[in-house]
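Worksheet: the structure to be examined is printed underneath.
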Amino acid sequence: MDYNFSEIEPKWQQFWRDRKTYHVENDSPKPHYYVLDMFPYPSGAGLHVGHPLGYIASDIYARYKRLRGFNVLHPMGYDAYGLPAEQYAIQTGTHPAVTTVKNINRYREQLDKIGFSFDWDREVRTCEPKYYKWTQWTFIQLFKHYYDNKANKALPISSLKERFAKQGTEDLDAACTEPMNFSADEWDSWDEAYQQQVLMNYRLAYLADIPVNWCAELGTVLANDEVVNGLSVRGGYPVERKLMRQWSLRVSAYAQRLVDGLEQLDWTDSLKEIQRNWIGRSEGAAVWFPLDVKSNENVLPGAQAYMQQFDPQPVPSFEIFTTRPDTIFGVTFMVLCPEHELIDRITTPEQKAEVEAYVSWAKNRSERERQAEVKKVSGVFTGAYAINPLTEERIPIWVSEYVLAGYGTGAIMAVPAHDSRDFAFARHFNLPIRQVVALEKDVVSDPTTWTESMDAKTGYSVNSGFVTGMKVKDAMKAVIDRIDDMGIGHKTVNFRLRDAIFSRQRYWGEPFPVYYKNGIACTIPEECLPLELPDVSEFKPTATGEPPLGHAEKWAWDEQNRCVVEKIKIDNKNVFPLELSTMPGFAGSSGYYFRYMDPHNDEAYFSKEAVRYWQNVDFYVGGAEHASGHLIYARFWNKFLFDLGMAVKEEPFQKLVNQGMIQGRSNFVYRSKADNKLFISKGLIKNNNDVTPIHVDINIVSNDVLDIDKFRAWRPEFADAQFELEDGKYICGWEIEKMSKSMFNVQNPDDLVARYGADTLRMYEMFLGPVEQAKPWDTNGIEGVFRFFKKFWRLYHDDKNNFCVNDTEPTKAELKVLHQTIKKVTEDIERFSFNTSVSTFMICVNDLASLKCNKRSILQSLAVLIAPFAPHIAEELWHLLNNESSVCDASWPIYDEQFLAEDSFKYPVSFNGKMRFTIDLPADCSQDQAISAVKEAADYQKWTGGKEPKKIIFVPKRIINIVC
RNA sequence: GCGGAUGUGGCGUAAUUGGUAGCCGCGCUAGACUUAGGAUCUAGUUCCUCACGGAGUGGGGGUUCGAGUCCCCCCAUCCGCACCA
């Protein structure tokens, strides 16, 4: 064998390890560059070929940047906390830590074979105490800060306390769970416990009774992004809404900054758009609608008392949010969500039974049922009326599921003519519909004839009092001004983004650094961190329904700030219970990129020097599935640390590329229905109904040809299989499906490395297509890349496999090939287009082979060029040429732009297999003049032998192309 | 429903960014060397046509000397959000 990758690759991997080639220091005269991959969750299944795709791409970029003279930080680690290891523990009793370490070792083994340039000295694992110490530390800071909307940043909760003592809530504009209003005297009059309760309302990490996504099957609550279509992302179990006391992070306080920050980022538009949608900023107005006092006399006392805690106005009223204040003249009913606290207080005795029935029906519906029946209209009339503050009309108040508790105020003004949901509701319950917007001035029609509402925010107001005739945009502003003047509303902004629920009733996660003293949540002192995860006897919830940490023997906090055995609590009043929930998966992954900057620091999360040097991640590669989870939380985390003066940049990830998902390509054999020992080759099937397709392991199929012997050996029931062959082969069918064990279509990278080598795997994964694009895995083409390497090898080895180079000066044609290649590859890498660079290398080697070029200086440059893609063969070539140093310390070759431009006519070694000449002409040159100028050129004669050109393309500007 | 993207040979893809459409690779066809080849090399391979020639980048229209690329209208596929007022 000539190109012996299995000898070359381990040799150079060891060489890099011995030399610590990829070790990075935190200071260097070189410019810094930070290339990061989303770290993996080490699952039991190991890596499949989809995982390394992004790692290979970022590795190429990191290696390229190093060769370009940058000090590159390119670390790797593990997102090691998570549900699968814990589920496995429940089933088998194996401790999740054991499973996790085992899986990590397997991942590491697989990664090492591919030849990545990670600095493994900086590895982090989120489940290790020295790492999660800082996750807990950040949580404590979040607990100790609140968000001040005027300063537009997080401020210490201690300053808020001082403020309350001095002036109460006067002039305070802060993010909170419930709006509050009190004076300094009131604050002073409250006891410690109540004061703490009030502060909890403002903390960025807070405890509150909130509706959560409860997954009974997993026994835990889940964040919004962990639930899709009413099912848990992990496991696909049903999720229900439930009111529970939980820790949350006040991510919503940062909503505006999370939207604004997107602009300066070098992310794809689609990803930014997903985030914008998820944050869901919408501008509108908050308006107070007074209740109709006369028609609600019998229910008013209760309602009045309830509402006056928000609004001390004499007339009881409730708040709605609308994005269409201009349509307020078209309101024909109001709708409250079933959870609205006002319902009980305003419902008339006649309607009471019906309303209660509806509310309890709506509350007991699962999220899934509700979402599945979105189009179905349901609702009930409360019997109460509100007053439209601008028209003083009496408006019926309804209750319906289509109004959501979690958004706005859970109450709306319904304008059926201009909102499709209100329209459907009005039609269903026969409520009036009134047009207040028209496309043309004064052109109105009868809304009872409409089949749909007119939702667009264009046209003019009609039938709308003082805004009639105005454009919609102006009318919005005019209505807001008017309600503002009347003191019954104001312009406001609402976000769809909710706070992130931060507790999980699970074992395998970061413990909260929190204990409860007389029911008040306190954080443990920072110097006591980390609070280590205790061992438990069982991973299931306790008999009393507490999270698994309830099983821990030593899990309470004493006054000497020590973790102690909980049993002491019974006879010792100075021992306090610790929080039993643990943190969710995204806790550890929200700030891991900081820790890589300074991974061994025990005094701080990361040093000031380290963060000042590295700043933030320049280039981040990972899947788009994290768009509304990790990438929001990490940005929030970063902004918070920025407010604390720790982060230097407000955004964590400057440039981001989403690698596409790799799907599986399954193979099928077709079993005859008439004879279940008989398998018919794909091309011979006459009728699809005669055969049953059966998934067959892709490892016993090559280029869709079945290895019959391996198939017979694969499973006992196929041992005596018979085949109907075409041309002596059994051809399998194929289909694109998810890569999964059950479909036998998982391609394991180790198998490919063993068969073709890491360099071939790396190149082939890039060759498959643009990194960003989702594509099926297809091993069929890998031979082509493998052939390329063999050809490359033969370029500088003779028939007997002896190294053989030519020391003479390269010819201009050879230089032309080299410079073209340098130019193309450099440009391709810069724009992250690695599939085209691979093509470029193939063309280059083809051209050099046909020129029989094995010139030392050309190969020298080529070794460096190919090093980011195929580091092993590049290192081997480098040592054959230089017998010293490492290709990793070389510098990137520079191409000569002038040489390429000036000589393009003279040296037409082309990239498309045909000869093409390009010549510059004067701007006013005519076509005939151009053609004769070309034909007369000495070099044209030289290269074509004076043959008549096949085709001449005249481009008026000043270029002419001739194809020979 | 709203938002975002994509559409090029049998297949994966490319196109100097408005200038030869199909580079490179897979597959396929023929040939060479071989005891043999799942090795290597050479030639061919968008489609129709024996050929001359013609058609052609999802479909239709437009701008331009010139459109895969820019603009408008459809169609299809994929992804994200989904009663967010």
Side-chain angles (χ1 to χ4, degrees), chain A residues 1-2 228-229 268-278 280-282 284 320-324 327 335 337 370-371 373-377 400-404 406-415 418-422 424-425 452 455 494-498 624-625 627-628 658 660-661 702-705 707 734 763-764 767-770 772-785 787-788 790-791 794 823-824 827 833 835-846 849 904 910-914 916 918 927 950-957 959-963:
Chain A
M1 187 186 233
D2 30 22
V228 172
N229 294 331
T268 60
D269 289 339
S270 75
L271 190 70
K272 286 187 190 181
E273 208 47 44
I274 292 173
Q275 290 223 335
R276 276 193 205 103
N277 275 339
W278 188 260
R281 182 184 194 277
S282 50
I320 59 99
F321 172 73
T322 179
T323 53
R324 293 296 301 273
T327 61
V335 188
C337 66
R370 208 183 58 74
Q371 288 188 8
E373 294 170 13
V374 157
K375 294 229 164 76
K376 224 167 149 186
V377 178
S400 174
E401 262 197 322
Y402 86 88
V403 175
L404 303 179
Y407 185 78
T409 57
I412 62 153
M413 62 177 214
V415 185
H418 304 289
D419 180 285
S420 52
R421 294 149 308 182
D422 297 347
F425 194 83
E452 58 179 11
D455 292 12
N494 246 303
F495 294 93
R496 209 182 72 98
L497 183 73
R498 316 279 167 82
E625 66 272 20
S628 48
N658 289 122
M661 263 233 272
S702 168
N703 284 345
D704 292 337
V705 177
D707 185 321
W734 58 271
M763 276 273 210
Y764 184 60
F767 183 66
L768 225 43
E772 300 90 331
Q773 200 173 296
K775 55 209 162 237
W777 176 261
D778 183 354
T779 311
N780 288 344
I782 200 168
E783 295 282 348
V785 176
R787 267 174 222 153
F788 158 79
K790 288 194 273 196
K791 202 182 240 184
R794 258 182 273 123
K823 180 174 188 297
K824 191 87 194 341
E827 285 168 359
S833 167
N835 55 329
T836 55
S837 340
V838 178
S839 294
T840 306
F841 283 123
M842 291 181 171
I843 293 161
C844 171
V845 168
N846 284 344
S904 64
S910 65
F911 274 87
N912 56 9
K914 298 171 192 170
R916 182 205 288 186
T918 302
Q927 183 162 349
K950 257 190 200 164
K951 201 169 183 180
I952 297 181
I953 296 97
F954 178 71
V955 179
K957 297 246 163 92
I959 297 166
I960 188 161
N961 290 329
I962 299 125
V963 181

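First the proteins, then the strands, lettered A, B, ... as listed; each starts at 1. These values consider heavy atoms only, across backbone and side chains, with no hydrogens, waters or symmetry-generated copies.
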Quiz prompt | C1'-based separation of B:rC70 from B:rU63 [nearest Å] | solution = 8 Å
Residues at least two apart in sequence or cross-chain that pass salt bridge (Lys or Arg N to Asp or Glu O under 4.0 Å) with A:Asp422, listed by chain then number, are none
query = After noting the C-alpha distance and the side-chain angles of A:Trp777 and A:Tyr764, does the key distance pass the ring-ring contact (aromatic ring centres under 6.0 Å, His included) rule?
reply = CA-CA 11 Å; A:Trp777 176 261; A:Tyr764 184 60; 5.6 Å; yes
With rounding to the closest Å, how many angstrom separate the P atoms on B:rU6 and B:rA14?
12 Å
Rounded to whole Å, CD of A:Glu827 lies from P of B:rU16 at a distance of 11 Å
**Study point:** A:Asn780 side-chain N/O to B:rG25 phosphate OP1/OP2 under 4.0 Å
**Key:** no
Of A:Gly410 and A:Ala774, the one whose closest nucleotide on RNA chain B sits nearer the 5' end is A:Ala774
- For A:Asn494, does its backbone N or O pair with a side-chain atom of A:Arg281 as donor and acceptor, under 3.5 Å? no
Can you check the distance between B:rC74 and B:rA82, where both ends of the measurement are the P atom (answer in whole Å)? 27 Å
Between protein and nucleotides 7-12 of chain B, what N or O pairs are separated by less than 3.5 Å?
unit_1	atom_1	unit_2	atom_2	d
B:rG12	O2'	A:Leu768	O	2.6

Heavy-atom nearest pair, A:Phe321 first then A:Ser282, reads CZ-O, 3.7 Å
Touch check for A:Arg281, heavy atoms < 4.0 angstrom, all strands: base, sugar-phosphate only, or nothing?
nothing
Pairing partner of B:rG37, by Watson-Crick or G-U wobble and under 3.5 Å for both distances, is none
Heavy-atom nearest pair, A:Phe767 first then A:Ser839, reads CE1-OG, 3.8 Å
* Asked: When you compare B:rA36 with B:rG27, how far apart are their P atoms, in angstrom units rounded to a whole number?
  -> 22 Å
Margin query: Is it true that A:Ser833 and A:Thr836 share a donor-acceptor pair across their side chains at a distance under 3.5 Å?
Written below: yes
In Watson-Crick or G-U wobble terms, with both distances under 3.5 Å, the base opposite B:rU6 is B:rA76
The Watson-Crick or G-U wobble partner of B:rG22, with both key distances under 3.5 Å, is none
Between NZ of A:Lys824 and C1' of B:rU16 the distance, given in whole Å, is 9 Å
Has A:Lys775 got a side-chain atom pairing as donor or acceptor with A:Pro770's backbone, closer than 3.5 angstrom?
yes
Among the nucleotides B:rG25, B:rA85, B:rG4, whichever has the atom closest to the side chain of A:Glu273 is B:rG4
A:Asn846 atom CG is separated from B:rC24 atom C1', nearest whole Å, by 9 Å
By salt bridge (Lys or Arg N to Asp or Glu O under 4.0 Å), A:Lys790 pairs with (sequence neighbours left out) none
Q) Given the P atoms of B:rC79 and B:rG62, what is the spacing between them in whole Å? A) 35 Å
Using Watson-Crick geometry (N1-N3 plus N6-O4 or O6-N4) or G-U wobble (N1-O2, O6-N3), each under 3.5 Å, B:rU42 is paired with B:rA30
Its glycosidic angle compared against 90° from 0, B:rG22 adopts the form anti
ask   = Using atom P of each nucleotide, how far apart are B:rC78 and B:rG54 to the nearest Å?
value = 39 Å
By nearest-heavy-atom nucleotide on RNA chain B, the more 5' of A:Pro770 and A:Ile782 is A:Pro770
B:rU17 glycosidic conformation (syn if within 90° of 0, otherwise anti) is syn
Each nucleotide N or O in nucleotides 38-42 of chain B that has a protein N or O under 3.5 Å away: list the pair and distance.
unit_1	atom_1	unit_2	atom_2	d
B:rG38	N2	A:Arg755	NH2	3.4
B:rC41	OP1	A:Arg794	NH1	3.4

By salt bridge (Lys or Arg N to Asp or Glu O under 4.0 Å), A:Arg498 pairs with (sequence neighbours left out) none
Rounded to whole Å, the CG-P distance (A:Asp455 to B:rC2) equals 10 Å
B:rG3 phosphate, OP1 or OP2, under 4.0 Å from A:Ser270 side-chain N/O | no
- Task: Have a look at A:Ser420 and say if it touches a base, only the backbone sugar-phosphate, or nothing, with a 4.0 Å heavy-atom cut-off.
- Result: nothing
When rounded to whole Å, the NZ to C1' distance for the pair A:Lys823 and B:rU17 reads 12 Å
Closest heavy-atom pair, A:Arg324 versus A:Met413, reported as atoms and distance to 0.1 Å, is O-CE, 3.6 Å
In Watson-Crick or G-U wobble terms, with both distances under 3.5 Å, the base opposite B:rG56 is none
For A:Phe495 and A:Tyr407, the nearest pair of non-hydrogen atoms, with its separation, is O-CE1, 3.6 Å
Handout entry: Inter-nucleotide C1' distance (B:rA85, B:rG68), Å rounded
Key = 43 Å
Taking a pair to mean Watson-Crick or G-U wobble geometry with both distances below 3.5 Å, B:rU16 pairs with none
Side chain to side chain contact (heavy atoms under 4.5 Å, CB included) with A:Cys337: of A:Val403, A:Thr409, A:Ile412, only one passes, and it is A:Val403
Practice prompt. Compare all side-chain heavy atoms of A:Asn658 with those of A:Glu772 and state whether any distance is below 4.5 angstrom.
Written response: no
Taking atom C1' in both B:rU69 and B:rU20, compute the distance separating them and give it to the nearest angstrom.
15 Å
Atom CZ of A:Arg276 and atom P of B:rG3 are separated, to the nearest Å, by 14 Å
Protein heavy-atom contacts under 4.0 Å, written 5' to 3' over nucleotides 76-83 of chain B as B (base), S (sugar-phosphate only) or - (none), form the string ----SSSB
Backbone of A:Ala627 reached by a side-chain donor or acceptor of A:Gln275 within 3.5 Å: yes
